Structure formats: structure tokens, C-alpha cells
Number of protein chains: 2
Amino acid sequence: MRLVVAECAARYTGRLSAHLPRARRLVVVKADGSVLLHSDGGSYKPLNWMSPPCSLAVGEPDAEQRAAGVTQVWTVQHAKTDDRLVIDLYEVHHDSAHELGVDPGLVKDGVEAHLQELLAAQIGLLGSGHTLVRREYPTAIGPVDILAKAPGGGSVAVEIKRRGDIDGVEQLTRYLELLNRDPRLSPVRGVFAAQEIKPQARVLATDRGITCLVLDYDAMRGVDDVDARLF
Amino acid sequence: MRLVVAECAARYTGRLSAHLPRARRLVVVKADGSVLLHSDGGSYKPLNWMSPPCSLAVGEPDAEQRAAGVTQVWTVQHAKTDDRLVIDLYEVHHDSAHELGVDPGLVKDGVEAHLQELLAAQIGLLGSGHTLVRREYPTAIGPVDILAKAPGGGSVAVEIKRRGDIDGVEQLTRYLELLNRDPRLSPVRGVFAAQEIKPQARVLATDRGITCLVLDYDAMRGVDDVDARLF
DNA sequence: GCTTGAATATCGCCG
DNA sequence: CGGCGATGTTCAAGC
């Protein structure tokens, strides 16, 4: 990522034509070639930008531009469309480059985390007599969403998804294999819990002796709200 | 505007809950207090952000965070809602501040300018036999969008708008009054061209003997593309 | 000021 | 890869 703070003007052509009069701005050049032009206010949206895939060519100003103070002309061309962003750079106040690496990305823990929280609080949904051991029960291959004790002995491992797909069943299967090696927990039964369980996932789960549990998010929130009002 | 490149992790709560695992990112703090967290890829949208109005408070990490390597904790709180973004900063690789001043902002010369360009290239849309005199034909009260020669003698003045409103008809009327005083051009007929013409504008234009011409932007672009392919 | 609709929308899911 | 819907949407125009 390259960060440039400079006096600049820009012209964009693509779906529309637009231009930015000369002003001091932040120019961000990302590793994928995309470019953002940011002012010191507004929302997260840049004044102008070019989305990837695109390429940046640094050129020389012509005589007229040079006389006006332009030191560099950047042409950012989209690889697939004819979208083009041309930036005239005047005085450059800052210019630095940074290695950032690949980003793990944003994790939205909205619904899934909330479902885990709610199911832990309403552990009886697994069946009468179950007790919570803990959420995010650690194993060598990652934490299990919920681990509970079954009333008749043995344990229950729960994998929670917003949408229950085959991947989730596979994940739970790996956990179960590991957990069942632990004599303090064994036998460990599996519960695949989700707001919506795909037919293929249900077939696979059932075939492996895993119980499917469809979670009614609104109903669970309702119970939670009632609890909250009681205390 | 402050630019920080640092190892960081973040948590956002507001309309949803989300978190960013630790990674090296760009943190932009704008003059209005808004904050952007950018990775080295993706689109112009930040991984996470806080929109203005908001305030940034820099705090100390607690013992546990300090042991994990956190050096600063930034809390960005929205002024009107309970939206909050908390950023844990680990190693800081870059930190600089820049005065940018007020930005004049983006000027969209998109559709109207493009329509003028396209109509000039497809001047036959005014009727068979018309020839272009010039775009932006200068008058004492400003340039007329397009001036053309009519096949039977006389001229045609065209006012182009994206959305044709009464104001545009008034504008064209003023131009026509002026242009008709010029014996080299007279008689000058008026054409009011727009992607969409409001009923009131159409009534006024018709009443004044001005022709209304609805422009099909996509079709005109299509013709333009065909031309481009031929050359 | 509120409401409505477009956006260089972006983003994720589903077929 | 194309289509559809949601977005912490943002943004501008109309009323």
C-alpha cells in the first residue's frame, strides 16, 4: 500500500464523467492496483476511486501541465471496462509505502454468536436435563461452539450455524471424533443447530447419528427478553 | 488527517456486531473525527469505519491487553447513536498527520455533457439534413449547448438537460431571443432535448414553438459504440 | 426536515 | 459467472 498526500486534480470517465478540482488530498494505492482519493471529511466513500482489477501508469505532464505545476500524471485504467481515472499531481507532501499482507477480513458475529449465547442460556432446547459445560469448548482443532452434559451421562457437542450446510456437518464430525477420545466426556453425541438446515446437510448429519436442531431466532430472543424483564 | 499503519484488531457494535482479527492495516483519522480501517485490497469500502459525527478517545490497554502486546486502545464513539468502534493497536509502523483543508468536492459533468457530445455526433436526430455548427456556441448570456444549420436555411439552437424542467425552457427562450437578432442565423428554431421532459416544461415549450426531443441515452451510447467499433 | 430513489454502488448468497 | 437482495449503505433531489 502506497500513501501519497499531495495537491491533485482528477478526471474520471466511465459510467459517468466527473472531475475533481485541484486540492490537497490523500491518494491510496492498494496492492491490487486500486486507487482511492480521500478528502479530510465526508463518509467512508472516497471522492473518487478506481476499483480492481486495474493498472496504474505513471506518466510525465505535457508542457502546458508542467507550466501549471503538474509534476506527475497518473492514469488508472480498469482492466475490463473503459473506466479511467487520471490524476494530476502537483506538490507532493508525503509519499510512503507499506507492506500489509493479506487481511483475515471482517467477521460478522451478529447472528451466529447471538444464537450461541441464546442456546447456552436455553440449553434445555437440547432436551430436558441437559446442563451447560461451556461455550467455545477448546479442542486441538479449534473451539466447539457448545459442550453440554447429557442427563444420562456422556456429553453433547453442538455446532451452531446461521445456515446449516454440509461444511458444518463435516466440521462437527471432526470435533466429535476428537472429543470421543476423551474418556471424561465419552460418549459424545453431536447436535447440528442452525436457523435453517439444508436437506443435504440433514441427510449427512442423520446418517452419522448427528441430531439436527432448527433454531427459531425470534422465539429464542423472545424468551431471552422475557428473562431479561424478570431480572 | 492522521495516517497510521499498524498491527491492529477492532470490534464494532451498532446495527450489528463484528470484529477484525489482528492484522496490519491502514488507519485513517479524518479531520471530522471519522475513522477508516483499510486493508490492502478490496474495494473502496473500508473493512470497518465510524462515520461522523463521532469522537476518538485514546486510552491505555489493561494488563491483559498489554501482556498481549497492545500499546494503545482507541475508542471511536458516534455522537448521536450508540455505535462504537474499538481499535486495539499493537506495533505502529507509521504515524503522520497532514493538513488538507476543505475540499471543493466532486463535480459530476456526467450525463449532460455526454448527451451534448452524443447529440453533436448524431445531429441527424434533429431531423434529416441538419449539420452541426458547433457545441457551446457562445452568446452574450452564455453558451448555447448546440447550434446547427437547418436543411431549409435558418438555424436550430438546442438546450440539453438530463431532466427537462421549466427552467431549461426559460433558458432556451432567452437564447432564442438573442440568436434571432443575428441575421446570419435567423430564423432560429429551438429544440429542448432531455432524457426526461416534465409535462409542464413540455406545455411551455410547445406554447413557445419550441420542439421537445426526448433523448434515449442508452440508445445514443449504443450508436456511439457502433461508431467506435467501425473506426 | 423528511422521504424517496439512484449509485462508478459494494457484498454475499444462490443457481 | 449472472441474478437477486441487503447494506452500519451513502448521496442527492423533490416535496
Side-chain angles (χ1 to χ4, degrees), chain A residues 10-20 30 32 34-39 41-54 76-87 103 105-112 161-168 194-196 198-201, chain B residues 10-20 30 32 34-39 41-54 76-86 103 105-114 161-167 195-196 198-201 217-218 221:
Chain A
R11 294 170 299 290
Y12 166 78
T13 55
R15 277 286 273 279
L16 57 74
S17 294
H19 69 272
L20 280 169
K30 292 193 174 187
D32 58 10
S34 58
V35 175
L36 318 181
L37 288 172
H38 267 283
S39 65
S43 67
Y44 65 72
K45 196 176 177 181
L47 292 163
N48 215 322
W49 72 94
M50 184 61 70
S51 302
C54 64
V76 190
Q77 174 70 53
H78 195 274
K80 293 184 176 178
T81 70
D82 55 1
D83 286 32
R84 180 180 294 187
L85 176 64
V86 180
I87 309 169
D103 201 285
L106 185 70
V107 181
K108 295 188 182 182
D109 36 35
V111 177
E112 188 174 323
K161 292 288 178 192
R162 191 167 61 85
R163 293 180 313 110
D165 225 325
I166 279 186
D167 289 352
Q195 276 188 287
E196 173 200 355
K198 293 289 176 71
Q200 293 177 331
Chain B
R11 293 169 300 289
Y12 164 78
T13 55
R15 192 69 95 78
L16 56 76
S17 293
H19 71 272
L20 280 169
K30 292 193 175 187
D32 57 10
S34 59
V35 175
L36 318 182
L37 289 173
H38 267 283
S39 66
S43 67
Y44 65 72
K45 197 175 177 180
L47 292 163
N48 217 324
W49 72 93
M50 184 62 70
S51 302
C54 63
V76 191
Q77 174 70 54
H78 196 274
K80 294 184 175 177
T81 70
D82 55 359
D83 286 32
R84 179 179 295 187
L85 177 64
V86 180
D103 201 286
L106 185 71
V107 181
K108 293 189 181 183
D109 34 39
V111 176
E112 187 174 327
H114 201 191
K161 292 288 177 192
R162 190 166 64 82
R163 293 178 313 109
D165 224 326
I166 280 187
D167 290 353
Q195 277 188 288
E196 173 199 356
K198 294 287 177 70
Q200 293 176 329
Y217 187 50
D218 292 331
R221 275 165 57 118

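All figures in this text were calculated on a predicted structure; none of them were measured in a lab. Sequence lines set the chain letters: A, B, ... in the order given, protein chains first and strands last, and positions in each chain run from 1.
- Taking 4.5 Å as the limit, some side-chain heavy atom of B:Pro53 sits within range of a side-chain heavy atom of B:His78.
- Residue B:Tyr44 places its side chain closer to C:dT10 than to any other of D:dT10, C:dT10, C:dC13.
- Remark on DNA chain D: of its neighbouring residues B:Lys45 and A:Lys80, the 5'-side contact belongs to A:Lys80, judged by nearest-heavy-atom nucleotide.
- At a threshold of 4.0 angstrom between heavy atoms, the contacts of A:Ser51 are confined to the sugar-phosphate backbone, with no base atom among them.
- Between A:Leu47 and A:Lys198, it is A:Leu47 whose nearest contact on DNA chain C lies nearer the 5' terminus.
- Among the protein residues, A:Met50 comes within range of no part of the nucleic acid, since none of its heavy atoms lies under 4.0 Å from any strand.
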Using nucleotides 4-6 of chain D, report all nitrogen or oxygen pairs with the protein that are shorter than 3.5 Å.
none

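- Of the candidates C:dT10, D:dT10, C:dC13, D:dT10 carries the atom nearest the A:Ser43 side chain, counting heavy atoms from C-beta on.
- Atom-to-atom, CD of A:Glu196 to C1' of C:dG12 comes out at 14 Å; the value is rounded to the nearest Å.
- Shortest non-hydrogen contact noted between B:Leu37 and B:Ala10 is CD1-CB, 3.7 Å.
- Nearest nucleotide to the side chain of B:Trp49, out of D:dT10, C:dC13, C:dT10: D:dT10.
- Counting heavy atoms from C-beta outward, B:Ser34 and B:Met50 have side chains that stay 4.5 Å or more apart.
- Here the closest non-hydrogen pair linking A:Asp103 and B:Leu20 is OD1-CD2, 4.4 Å.
- The separation between B:Tyr12 atom OH and D:dT9 atom C1' is 11 Å, rounded to whole Å.
- Taking B:Lys45 as the reference, nothing meets the side chain to side chain donor-acceptor pair (under 3.5 Å) condition, with sequence neighbours excluded.
- Checked by atom type and distance alone, the side chain of A:Lys30 pairs as donor or acceptor with a backbone atom of B:Ser39 at under 3.5 Å.
- The side chain of B:Arg15 has D:dT9 as its nearest neighbour among D:dT9, D:dT10, C:dT10.
- For the pair B:Lys30 NZ and D:dT10 P, the interatomic distance rounds to 12 Å; values are reported in whole Å.
- In this entry the distance linking NZ of A:Lys161 with P of C:dG12 reads 16 Å, nearest Å.
- With sequence neighbours excluded, no residue satisfies salt bridge (charged side-chain N to carboxylate O under 4.0 Å, His left out) with B:Arg15.
- Residues A:Gly42 and A:Leu106 each lie close to DNA chain D; by heavy-atom proximity, the contact nearer the 5' end of the strand is made by A:Leu106.
- Taking atom NE2 of B:His78 as the reference point, atom C1' of D:dT9 lies 13 Å away to the nearest angstrom.
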